[in-house]
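The structure appears below as structure tokens.
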Amino acid sequence: MAAVTKAPRGTLDKLPSIAYKYRAVENIALEIANLSGYREIRTPVFEHTELFRRSVGDTTDIVQKEMYTFDDKKGRSLTLKPEGTAPVARAVIENGLLNEALPLKLCYITNCYRYEAPQSGRYREFSQFGAEVYGANTPLCDAELIALAFTLIERLQIPQSCYKIEVNSIGCPECRKIYQDALKKYYEQFKEELCHDCHTRLTNNPMRLLDCKVPTCAKFKNDAPLILEYNCDDCSDFFATFKMALETLNVPYHVNPKIVRGLDYYCNTVFEFVCENGLVFGGGGRYNGLMKELGGADTPASGFALGIERIVSVIEGYATSSDVQSTQNVPEMYIAGIGEQSAMLALKLSHELREEYGIQCLCDIVGRSVKAQMRFADKTGAKFSIVIGDDEIANNVATLKNMENKETLEVTLNASEISKNI
Ligand code: ATP
Ligand code: MG
């Protein structure tokens with residue numbers, strides 16, 4: 001029976017005690033993104049496997065080890081999306097969205113699937129909020145994207161002392177080529193000591209060497225050559241303007257010359273949001289080569305993705321955002337009834353308070369005693385309560401009780417009067 005009563009490994013039930021936080025983060029994210037002109041896009045849960053092989057890249061951990069790939073009944077190879085950008089880029093090309101006014105700004109909230117070893121902050125099903133800009137090849141575009149993520153983090157009241165925005169420039173394909181040769185040369189000295197994956201990276205994707213999390217490899221990162229020192233003049237200028245724009249927008253940042261994105265189509269800007277405990281809760285960069293790689297018109301693009309599970313864990317650890325708390329599902333009002341006639345009136349008044357006044361109101365629907373009803377009301381955290389009995393019906397008046405400070409007030413028994421007093 002375990003298969004029936006236990007969720008698959010690496011998945012997370014978001015129970016009501018936490019689901020509202022996800023909803024709040026998602027709503028605030030979309031609201032802020034809309035202010036900057038990002039429009040929401042939703043793409044399928046699965047895509048042709050080839051899309052991710054081409055876009056995420058055959059040499060990445062995602063494609064090599066982490067994808068949920070299966071054949072459908074017609075033998076097509078499909079994959080549950082491991083990230084949000086490739087499907088968006090595919091939808092942009094397929095639906096001709098680049099014919100609309102450029103830059104095209106899109107945002108998404110999506111589940112992602114990666115077969116990873118589950119651990120804290122690492123799941124097999126997780127969700128991302130992402131924003132992307134197509135058709136702008138400027139440092140201002142990249143700074144505006146980071147400012148969007150920063151505004152979200154600020155709205156969630158995550159203290160600035162808890163995390164860092166780390167930025168870097170990985171240059172253009174020309175200057176990066178020279179860097180990669182230098183990096184390869186550096187790592188070749190330690191070839192014997194590198195892990196199996198890093199051996200492959202050395203030939204296929206040297207920049208990913210800097211990403212290795214195996215401790216015996218990670219130590220070599222310290223003295224590795226730095227890509228910023230290899231940026232050509234144009235790339236250095238781009239990075240300088242990008243930093244200036246961040247300063248103009250009051251976005252705090254730290255240059256970390258060791259952040260990379262190991263894919264050929266990335267260029268210039270890369271960044272990560274890193275929590276003080278080392279947890280990376282988001283990242284992004286410029287991927288000018290992606291659209292062409294996927295067979296679309298050669299269009300510059302830039303974007304980021306934030307992991308929502310990780311953001312919620314940061315909120316749990318550090319923030320008490322009033323915007324998030326206010327979305328907690330606590331009833332405003334509980335109307336108790338003693339006897340059949342009162343129960344019917346409680347049902348009617350509750351319905352009217354909800355429908356006409358938008359007040360979240362509960363009443364008894366299981367036939368409990370009034371004592372048990374009040375115990376239940378307490379458990380729900382209802383802010384106000386009313387008890388209706390024969391006397392209240394006869395006088396058309398009842399006592400409205402503030403459950404927190406216990407103050408009471410006589411109110412006429414109709415929805416309009418009740419609504420005015422809570
Ligand atoms: P990591 O280095 O932690 O594996 P990544 O480089 O694979 O992260 P990205 O592909 O950049 O991550 O995805 C963007 C964000 O999505 C991450 O910063 C993180 O917040 C979130 N994320 C990625 N993988 C997972 C996962 N398995 N579980 C939960 N969140 C994840
Ligand atoms: Mg990963």
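Just so it is clear, the model here is predicted, and its values are computed rather than measured. Atoms within a ligand are numbered from 1 in the order they appear, just like the ligands themselves.
- Looking only at distances, no side-chain donor or acceptor of Glu332 sits under 3.5 Å from a matching main-chain atom of Phe384.
- Protein non-hydrogen atoms do reach within 4.0 Å of atom 20 (O) of ligand 1.
- Atoms of ligand 1 found under 4.0 Å from any heavy atom of Lys213 (numbered from 1 in listed order, with element): 1 (P), 2 (O), 4 (O).
- Among protein heavy atoms, the minimum distance from atom 6 (O) of ligand 1 is reached at Arg261 NH2, 4.9 Å.
- A donor-acceptor pair under 3.5 Å is formed between the side chain of Asn168 and the backbone N or O of Ile259.
- An N or O contact shorter than 3.5 Å is missing between Leu306 and ligand 1 by distance.
- Panel note: side chain Arg114, backbone Pro82; a donor-acceptor pair is recorded below 3.5 Å.
- Among protein heavy atoms, atom 4 (O) of ligand 1 sits closest to Arg122 NH1, 2.8 Å.
- At least one donor-acceptor pair closer than 3.5 Å links the side chain of Arg354 to the backbone N or O of Cys361.
- Under a 3.5 Å cut-off, the side chain of Glu272 and the backbone N or O of Val274 do not form any donor-acceptor pair.
- Counting only heavy atoms of the protein, atom 22 (N) of ligand 1 lies nearest to Phe126 CE1, 3.4 Å.
- Comparing Glu66, Glu83, Arg310, Glu116 by heavy-atom distance to atom 27 (N) of ligand 1, the nearest is Glu116.
- Numbered from 1 in the order shown, with element, the atoms of ligand 1 that lie under 4.0 Å from a heavy atom of Gly121 read 28 (N), 29 (C), 30 (N).
- You'll find the side chain of Thr69 reaches within 4.5 Å of the side chain of Ser77, heavy atoms only.
- Between Glu309 and ligand 1, no N or O atom pair is found at a separation short of 3.5 Å.
- For atom 18 (O) of ligand 1, the closest heavy atom belonging to the protein is Gly282 N, 3.1 Å.
- Between Tyr20 and Gln325 the shortest side-chain heavy-atom distance falls below 4.5 Å.
- Of the protein's heavy atoms, Tyr123 N, 2.9 Å lies nearest to atom 28 (N) of ligand 1.
- The protein non-hydrogen atom at the shortest distance from atom 7 (O) of ligand 1 is Arg114 NH1, 2.9 Å.
- For Asn402 (side chain) and Glu404 (main-chain N/O), a donor-acceptor pair under 3.5 Å exists by modelled atom type.
- At least one N/O-N/O distance between Gly307 and ligand 1 falls below 3.5 Å.
- For the residue pair Tyr318 and Glu276, a side-chain donor N or O sits within less than 3.5 Å of a side-chain acceptor on the partner.
- Here the two rings, on Tyr115 and Tyr68, have centers that are under 6.0 Å apart.
- Looking at ligand 1, you won't find any N or O of Gly283 less than 3.5 Å from one of its N or O atoms.
- The nearest non-hydrogen atom to atom 13 (O) of ligand 1, considering only Glu125, Glu272, Gln119, Gln128, comes from Gln128.
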